[in-house]
Asks: 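First, the structure itself, so that you have it in front of you.
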Protein chains: 2
Amino acid sequence: MMQRTTTDGARAPRADAQRNRDRILGAAEQYFSEHGVTGSLDAIAKRAGVGAGTLYRHFPNRESLLAALLAARDDALVARRDDLRSGSVNAADALDGWLDAITAWAGAFDGLPEPLRAATATSSSPLAMTCQGFITTTEEFLRAAQDDGGARRDVRARDLFLAALARSWVRGAALADDASAAALAELTRNGWATTSAARAGDGR
Amino acid sequence: MMQRTTTDGARAPRADAQRNRDRILGAAEQYFSEHGVTGSLDAIAKRAGVGAGTLYRHFPNRESLLAALLAARDDALVARRDDLRSGSVNAADALDGWLDAITAWAGAFDGLPEPLRAATATSSSPLAMTCQGFITTTEEFLRAAQDDGGARRDVRARDLFLAALARSWVRGAALADDASAAALAELTRNGWATTSAARAGDGR
DNA sequence: AACGATACGGAGACACTCTCCGCTAGATCG
DNA sequence: CGATCTAGCGGAGAGTGTCTCCGTATCGTT
């Protein structure tokens, strides 16, 4: 019998490898939830019942582990995007909803915004692709809102993405009570949305 | 001869202690500038030519070292505050200038916004007092701008402070080119300003 | 059953934080 | 100017975490 191959010609993964990978992801999900994204990787390996070497072979560094973890959640965000695309009467509301979704997503684990920001900068991290994708989606929503007259023309999607990340980052501060979260959400929306006289001034 | 005492009766610090303290601060300033605020404390001790114990006696943890470092810069920020208080025609511009000053201040070292945010949350850190002071000042500027009709009434000083910190945090991302910094500045201002005052005058 | 290929595990090298305590060297007093 | 008292020094080392290396176990195939 021929060995099973993946579509791109690589050999199928060994059964135990797949099992370990899943265990690690499960343990990591749990551990990061409890201790934030800076929790000990060795502790995750131990919790998963594998050696440190196994963990690092599957995920060479913290970022790639994080990326794998987030990949599982991508679906939810993509679904949200589709919901917003089809279900919103108002392009500005859709953009707003999308930015909220990103903010929530970036708050999945304590301390997550930091590596996400770093990834957005380096573009050579496993997280970078994910971020880039979401920036692109943000671009679509933004353009629609702009064409609709609901968003200022001098705003860039990348900056809105960063602002969403930043909101999530601030939220990590215990001080940022719920009121702060809401306040910053509104602050941000006021920042990009057009109001009656939307003649944006020159930025000085 | 009487021993020199400080005003509150404590004994004057020993000469070498003072010298070492200064050396540590100098080395830390340099090291943090080069490596960001997460740089190795032991390396700072070595660069300062003192033992690790000496460093930790003077500054029990990273935050207190940071706080001492920032205290030296407080003067500049206070001066800026006074400038803005007296020299601004427009209360909104003054607030804007103050928030810019805070953003710049929080960007003194790479990674500084993170401990500042944490300090703002815990209120039991040496950095917390500094932050609290600046929030209070922000409150003054904000109130003036609100009374002047230049800032929305539903904005809180604390949130503006956090937003300034967040801007500084985003700036740490290499991706955040200069355009992003300016864009976020404007985004923020549009967020809190009333529409009539949204257009920045000579905000400096 | 036998044999590669693949993956496992955990010891250990290295880095960093922070403490402990014997000793040094300022400060003060006679 | 010693003598003495003690604040302050330094660095070894314990604890924790990251990440690698390689002998060994296991999988999948023939």
Side-chain angles (χ1 to χ4, degrees), chain A residues 1-6 9-28 31-32 34-68 110-111 114-115 118 125-126, chain B residues 1-6 8-28 31-32 34-68 111 114-115 118 125-126:
Chain A
M1 208 33 347
M2 293 293 301
Q3 74 235 14
R4 297 219 325 271
T5 56
T6 58
R11 176 175 295 203
R14 239 169 68 172
D16 55 347
Q18 184 59 46
R19 180 174 49 78
N20 281 331
R21 196 187 136 92
D22 291 344
R23 282 181 157 195
I24 291 169
L25 285 175
Y31 203 83
F32 282 156
E34 293 169 12
H35 301 87
V37 296
T38 59
S40 157
L41 296 186
D42 273 24
I44 290 175
K46 183 173 282 186
R47 180 173 293 194
V50 304
T54 299
L55 187 153
Y56 285 99
R57 191 168 339 93
H58 281 285
F59 307 101
N61 51 53
R62 191 178 299 271
E63 284 202 337
S64 63
L65 178 53
L66 237 24
D110 198 57
E114 186 63 50
S125 128
Chain B
M1 168 175 294
M2 293 296 301
Q3 76 234 17
R4 298 219 323 272
T5 56
T6 58
D8 50 333
R11 189 189 220 116
R14 240 168 67 172
D16 55 346
Q18 184 59 47
R19 180 174 50 78
N20 280 332
R21 197 188 136 90
D22 292 345
R23 280 182 158 195
I24 291 170
L25 285 175
Y31 204 85
F32 283 155
E34 293 168 11
H35 301 87
V37 297
T38 59
S40 157
L41 295 187
D42 274 23
I44 290 175
K46 184 174 280 185
R47 180 175 292 196
V50 304
T54 299
L55 188 154
Y56 284 98
R57 193 167 340 92
H58 281 284
F59 308 101
N61 50 53
R62 191 179 297 271
E63 283 201 338
S64 63
L65 178 53
L66 237 26
E114 185 65 50
S125 130

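Throughout, a chain's letter reflects where its sequence line sits, starting with A, and its residues are numbered from 1.
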Asks: Return the value, rounded to whole Å, for the distance between atom CZ of A/R23 and atom C1' of C/dC8.
Replies: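 My rounded result for the distance is 12 Å.
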Asks: Using a cut-off of 6.0 Å, state whether more than 12 heavy atoms not belonging to A/D110 lie near its atom CG.
Replies: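 At most 12 heavy atoms, drawn from other residues, nucleotides or ligands, come within 6.0 Å of this atom.
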Asks: With a 4.0 Å cutoff (strictly under), does any side-chain N or O of A/T54 reach OP1 or OP2 of C/dG9?
Replies: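 Answer is yes, contact under 4.0 Å.
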Asks: Which part of the nucleic acid does B/A15 contact within heavy-atom distance under 4.0 Å: base, sugar-phosphate only, or nothing?
Replies: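 If one applies the 4.0 Å heavy-atom cut-off, B/A15 turns out to touch the sugar-phosphate alone, with no base involved.
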Asks: Looking at B/R14, does any N or O in its side chain come under 4.0 Å of the phosphate oxygens OP1/OP2 on C/dA25?
Replies: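 No, because none of the side-chain N or O atoms of B/R14 sits under 4.0 Å from OP1 or OP2 of C/dA25.
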Asks: For B/R57 and for B/R19, locate the closest nucleotide of DNA chain C by heavy-atom distance; then report the residue assigned to the nucleotide nearer the 5' terminus.
Replies: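 Here B/R57 is the residue nearer the 5' end.
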Asks: Starting at OH of B/Y56 and ending at C1' of D/dG13, how long is that distance when rounded to a whole Å?
Replies: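 Rounded to the whole Å, the gap is 14 Å.
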Asks: Scan B/D22, B/D16, B/N20 and name whichever one has a side-chain hydrogen bond (donor to acceptor under 3.5 Å, both in side chains) with B/Q18.
Replies: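 Exactly one candidate clears the test, B/D22.
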Asks: Select base, sugar-phosphate, or nothing to describe what A/R62 touches, counting heavy atoms under 4.0 Å on all strands.
Replies: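 Here A/R62 touches the backbone only, sparing every base.
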Asks: Between atom CZ in B/F59 and atom C1' in C/dT19, what is the gap in whole Å?
Replies: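 So the CZ-C1' distance, B/F59 to C/dT19, works out to 18 Å.
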Asks: Taking OP1 and OP2 of D/dT16, is either one under 4.0 Å from a side-chain nitrogen or oxygen of A/S40?
Replies: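 So the side chain of A/S40 is outside the cut-off, no N or O lying under 4.0 Å from OP1 or OP2 of D/dT16.
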Asks: For A/A52, report the nucleic acid contact type (base, sugar-phosphate, nothing); a contact means any heavy atom under 4.0 Å.
Replies: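 A/A52: base contact, heavy atoms under 4.0 Å.
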Asks: Counting only side-chain heavy atoms from C-beta out, which of D/dC27, D/dC9, D/dC19 sits nearest to B/D16?
Replies: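 Output: D/dC9.
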Asks: Taking CD1 from A/I44 and C1' from D/dT18, how many angstroms apart are they, rounded to a whole number?
Replies: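 Value for this atom pair: 12 Å.
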Asks: Please determine if a side-chain N or O atom of B/N20 lies less than 4.0 Å away from the OP1 or OP2 oxygen of D/dC9.
Replies: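 Yes, B/N20 has a side-chain N/O under 4.0 Å of OP1/OP2 on D/dC9.
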Asks: Separation of A/L66 atom CG from D/dT18 atom P, in whole Å?
Replies: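 It is 13 Å, rounded to the nearest whole Å.
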Asks: Would you say A/H58 places a side-chain N or O within less than 4.0 Å of OP1 or OP2 belonging to C/dC8?
Replies: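 For A/H58, the contact criterion (side-chain N or O under 4.0 Å from OP1 or OP2 of C/dC8) is met.
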Asks: Rounding to a whole Å, what distance do you find between A/D42:CG and C/dA11:C1'?
Replies: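 The distance from CG of A/D42 to C1' of C/dA11 comes to 12 Å, rounded to the nearest Å.
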